[in-house]
Structures are given as C-alpha cells and as structure tokens.
Amino acid sequence: MGASKNGDNYPWRVTPYIVICWVLAACGGLMFGYDIGISGGVTGMDDFLKEFFPKVYERKQHAQENNYCKYDNQYLQLFTSSLYLSALVSSFLASKVCTVKGRKPSILISSLFFLVGSALSALSQRLWMVIIGRVLMGVGVGFGNEAVPLFLSEIAPVQYRGAINILFQLLVTVGILVANLVNFATLNIHPIGWRISLGLAIIPAILLLIGSIIITETPTSLIERDRYDEGREVLRKIRGIENVEAELQQIKEACAEAKLVKHPYKELRKKQSVPPLVIGVLMQVFQQMTGINAVMFYAPILFQTVGFKNDGSLLSAVIIGLVNVFSTLVSVFGVDRIGRRVLLLQACLQMFISQTAIGIILIVKLTETNTLPKGAAILVVLLTCLFVMSFAWSWGPLGWLIPSETFPIETRTAGFAFAVSSNMFFTFLIAQAFLSMLCHMRAYIFIFFSGWIVVMAFFVVFLLPETKGVPIDAVADRVWKKHPVWKKFMDVDDQKHENGA
Ligand code: BGC
C-alpha cells in the first residue's frame with residue numbers, strides 16, 4: 001500500500017516512519033499556533049489583568065468605558081509581542097545552528113526553550129517573570145520557524161514539497177484553534193484559568209521534544225557536512241527503498257555547488273539575490289499587513305469591543321479558528337493545481353471586501369460608548385470569517401512556502417532567515433501597536449489594512465512570478481531570467497547562474 005513512483009526519477013514509498021517524521025516536525029507549527037491563539041484570550045481575562053495589569057482592569061470596569069481604548073496599554077501589548085522580538089533575533093542564530101549542527105538539533109533547541117518559557121510564564125508571580133517566559137518561548141519559536149519548514153521541505157519527496165511544507169501552516173492553524181478552545185474552557189476557572197491556558201503550551205513543546213528525538217536529520221544537512229554514508233542511509237530510510245543513488249547524486253551536486261559560496265550573507269547582497277530576497281521578505285511582510293494577527297491575537301478583545309460578552313467573544317474566536325483550519329486544507333490540495341498567483345489574487349479581493357465592509361459597519365454603527373446592534377455584530381463575525389478563510393488558503397501558507405522555494409540552495413538558510421525574521425518583526429509590530437492603533441484610528445484601522453491589500457494585489461500582478469511546478473533548482477533559469485522586471489537582475493557575471501542547472 002502506498003507505493004508510488006514519481007516523476008523526476010526519484011522513486012519513493014510511503015513508510016510509517018516518514019509520516020511520523022512529517023507529523024512530529026510539524027508540531028513546531030502547533031507550538032507557534034498555540035501561542036498565537038492563547039495570548040489574545042489571556043489578555044482579555046479579568047484574573048490575569050487584575051494580577052499584572054490592574055490599571056487596564058479598572059479601565060475595563062469603568063461604566064463609561066471607551067470601546068476602542070479599553071485595552072490600550074503598552075505593557076499589555078508587550079506581553080504578546082515580546083515573544084516575536086526574541087524570535088526575530090533567534091531566527092538568525094537558528095540559521096547558523098541549522099547549517100553547522102543540522103536541522104534536528106535546532107528543532108530540539110526550539111522545543112526546550114519553548115518548554116521552559118511556557119512553564120515560567122504559567123507560574124509567574126510578577127510581570128517581569130511573564131515577560132522573560134515569553135522571551136524564552138520566542139527563542140523557541142525563532143528556532144522552530146526557521147528549522148521546521150526547511151526540515152519538511154528537505155525530507156519531502158520533490159512532487160509533494162508544497163503540500164508537505166503546508167503541513168507546518170496546517171498545524172499552526174490547529175494550534176490556534178486548540179488554544180481558542182482552551183481559553184474558552186479556562187475562562188471560568190478562577191483565579192488560575194489563565195495559568196492553565198499558558199501552562200498547557202508545554203504540551204506542544206513536549207510533543208516537539210519527543211519528535212526531535214525520533215525524527216531523522218535531513219540528508220541534505222548530513223551531506224552538506226560531508227557525512228555521505230549517513231546521508232545515504234537516511235535517504236534510504238525516508239524514501240523506503242534501497243536504491244537512492246540518483247537522488248543522492250543530485251543532493252551531492254547541489255551541496256557541492258553551495259559550498260563554493262563561503263559567505264551566504266555576502267552572496268545575498270549580490271544583484272542576482274535581489275529578486276528572491278525581495279519576494280521572500282515581502283511575502284512575509286505583506287502576510288502580516290493583511291491584518292491577520294489583529295484578528296488572531298485580539299479576536300476575543302475585538303469581539304468584546306463590538307459588544308459581545310466575554311464567552312460570546314471567545315466562542316466567536318473558536319468559530320474563526322475552525323474556519324482557519326478547514327480553509328488551509330484548500331491550499332494543501334489546491335496549491336500545486338491552481339497555482340500560487342491565482343490563490344493570492346483571489347484572496348486579495350475577498351480580504352479587501354471583507355476588511356472594508358467591517359470598517360464601514362464599525363465607522364457607521366460603533367461609537368465610543370455604545371454596543372453594536374446584534375445583527376451588525378454577527379455580520380462583523382461573518383465578515384471576519386470570510387477574511388480569515390481567504391487568508392488561510394493563500395497568504396497564510398504561501399507566506400511560508402514561497403520564501404522556502406525561492407532561494408537557490410547556496411543562500412537558502414540565510415535567505416529564509418531574513419524572511420522568517422521579517423515575519424517576526426511585523427508580527428511584533430502588529431502585536432505591539434494594534435490596540436493603540438485601534439484606540440487612535442478606531443474603525444479606520446480596517447480601512448488601513450484594506451489599503452495594504454490593494455498594494456499586495458499590485459505586487460502579485462507585477463512582481464510575483466508563478467513557481468508552481470518549477471523544480472527549486474531551476475527557479476533562476478526558468479523564473480527569474482524570464483520575468484520582465486527581475487530578468488534585469490539576472491544578467492550579471494555570476495558564473496554559476498549563467499551556466500544554469
Ligand atoms: C502567520 C501567523 C498567523 C497564522 C494564522 C501564519 O502563517 O505567520 O502570523 O497568525 O498564519 O493562521
């Protein structure tokens with residue numbers, strides 16, 4: 001069962017071991033997602049606010065509270081965002097560890113930091129302890145988000161690379177959903193509900209820890225470090241067949257070529273690195289400028305803003321979490337058929353309409369002190385579902401997939417680190433600034449995000465080439481050199497690229 005022969009001459013067979021490797025590694029996504037989903041609910045919980053943010057709690061209780069400003073507090077936002085700041089820095093460190101020590105130890109490091117960080121934040125007695133816990137978790141996320149997508153891409157059989165890479169994003173969405181459910185369940189456990197929510201983050205961390213012991217190192221990483229025999233053994237094991245010489249040879253050649261480049265970061269400054277760098281970084285920046293994390297982090301708060309009570313708003317967050325998971329499946333099955341550009345453009349349209357409509361409803365109906373009429377509040381939740389749905393089959397997974405397939409092997413880990421850290425930086429910005437922006441810009445914040453979506457649509461139309469079905473190592477020849485804008489960057493004296501694959 002499950003034996004298959006595939007194009008590109010590299011045969012393989014599904015084995016239980018390889019499936020276990022995919023799933024265990026993708027638990028890195030679960031960890032990341034759990035954190036995204038848990039923070040918003042926790043920052044809306046009264047017991048948590050009373051303990052660490054009494055001023056915010058008082059403002060929230062005030063009879064004449066201002067809808068848009070009740071949670072605006074830099075420290076409260078720092079609770080959510082501090083994690084991304086440390087993830088940003090650690091993703092560069094992770095790229096080094098990935099290259100020198102391998103993907104497997106990087107995943108192990110990721111789980112350990114996350115484990116210690118989540119235990120510390122759950123047991124915290126002081127605000128600084130919570131923040132340090134989050135910083136440690138951030139190191140875990142930085143290592144995980146660098147190593148896991150690379151790991152998955154490298155152990156995936158060529159023709160399923162897209163779908164297997166998206167497994168990471170799928171588990172991110174599952175993590176967010178589980179976190180929303182946990183918050184829903186702990187909301188009424190006083191006074192320690194928030195501690196349970198934060199503490200349960202150790203479960204995905206433990207899964208990843210176990211995973212990092214069981215999974216294999218990738219053949220590419222072994223061969224990159226001259227461990228050829230081990231590389232061959234691992235390749236046999238993950239492909240489920242004896243004769244892996246053809247694929248082994250291809251990996252050896254790619255690694256030998258990559259070794260000619262001694263300083264990947266210097267290589268990234270060269271003219272021919274501009275196209276992948278711009279695409280890799282902008283995909284991640286734009287992913288965040290859709291405003292997705294305004295919804296993911298702050299959905300419960302957002303729904304309280306429009307008038308839901310605490311549990312109503314958490315329930316809406318759960319519904320959104322479900323929409324997020326199921327819509328990601330569309331991408332798993334569609335990305336290699338429909339293509340990247342179509343998915344991204346369709347989503348721009350759907351996201352633009354839903355964000356703008358949310359903005360208009362709130363501008364017209366929500367003043368500083370009223371609550372939305374029930375019908376309008378439900379419409380806002382429905383529009384948010386439409387928004388999340390389109391994000392989930394497009395900019396969500398493709399924000400990770402495209403940067404991972406855009407760089408040539410010699411700059412792949414370094415280039416990917418730039419993409420990951422751009423994601424983390426902009427996630428940090430949104431996490432840190434969103435509640436203040438909501439307070440100052442009020443409902444116009446949604447119009448602000450729609451504006452970005454227009455820019456993104458132009459970016460896709462004019463700058464983003466289609467990479468569907470193009471083998472990774474042929475991207476320079478088949479994509480960049482043919483693109484009306486990017487080909488100008490490719491006609492340089494770089495021998496390796498001129499010679500082609
Ligand atoms: C993004 C996260 C986002 C999540 C939502 C991921 O791809 O990087 O920032 O919260 O998708 O599902």
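In each ligand, atom 1 is the first atom listed, and ligand 1 is the first ligand listed. We're numbering straight along the sequence, starting at 1.
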Student: Using a 3.5 Å cut-off on N or O atoms only, is Thr427 in polar contact with ligand 1?
Tutor: no

Student: Tell me, please: is Trp400 in heavy-atom contact with ligand 1, that is, under 4.0 Å?
Tutor: yes

Student: Please list, in number order, the atoms of ligand 1 under 4.0 Å from a heavy atom of Ile176.
Tutor: 5 (C), 12 (O)

Student: Between Glu224 and Arg103, does any side-chain N to carboxylate O distance fall below 4.0 Å?
Tutor: yes

Student: Give a yes-or-no answer on whether the side chains of Gln346 and Trp393 include a donor-acceptor pair shorter than 3.5 Å.
Tutor: yes

Student: Hey, what do you get for CZ (Phe449) to CZ (Phe352), rounding to the nearest 0.5 Å?
Tutor: 14.5 Å

Student: Would you call Gly399 a ligand 1 contact, heavy-atom distance under 4.0 Å?
Tutor: no

Student: Does a sphere of radius 6.0 Å around OH in Tyr265 hold more than 12 heavy atoms from other residues, nucleotides or ligands, not counting ones at 6.0 Å or beyond?
Tutor: yes

Student: Do the charged groups of Asp35 and Arg134 touch, with an N to O distance under 4.0 Å?
Tutor: yes

Student: Counting each atom of ligand 1 from 1 as listed, which ones have a heavy atom of Gly396 under 4.0 Å away?
Tutor: 7 (O)

Student: Should one rank Asn293, Asn423, Asp35 by closest heavy-atom distance to atom 3 (C) of ligand 1, which comes out on top?
Tutor: Asn293

Student: Is a side-chain donor-acceptor pair under 3.5 Å present for Gln355 with Ser450?
Tutor: no

Student: Heavy-atom contact check, 4.0 Å cutoff: does Gln288 meet ligand 1?
Tutor: yes

Student: Checking Thr413 against Ser95: is there a side-chain donor and acceptor pair closer than 3.5 Å?
Tutor: no

Student: Which residue and atom name correspond to the protein heavy atom nearest atom 1 (C) of ligand 1, and how close is it?
Tutor: Gln287 OE1, 3.4 Å

Student: Thr173 versus ligand 1: do any nitrogen or oxygen atoms come within less than 3.5 Å of each other?
Tutor: no

Student: Are a donor atom and an acceptor atom from the side chains of Gln284 and Ser422 found within less than 3.5 Å of each other?
Tutor: no

Student: List every atom of ligand 1 that sits less than 4.0 Å from any heavy atom of Gln169, numbering the atoms from 1 in the order shown and giving each element.
Tutor: 6 (C), 7 (O), 11 (O), 12 (O)

Student: Any atoms of ligand 1 less than 4.0 Å from a non-hydrogen atom of Asn324? List them with their elements.
Tutor: 5 (C), 12 (O)

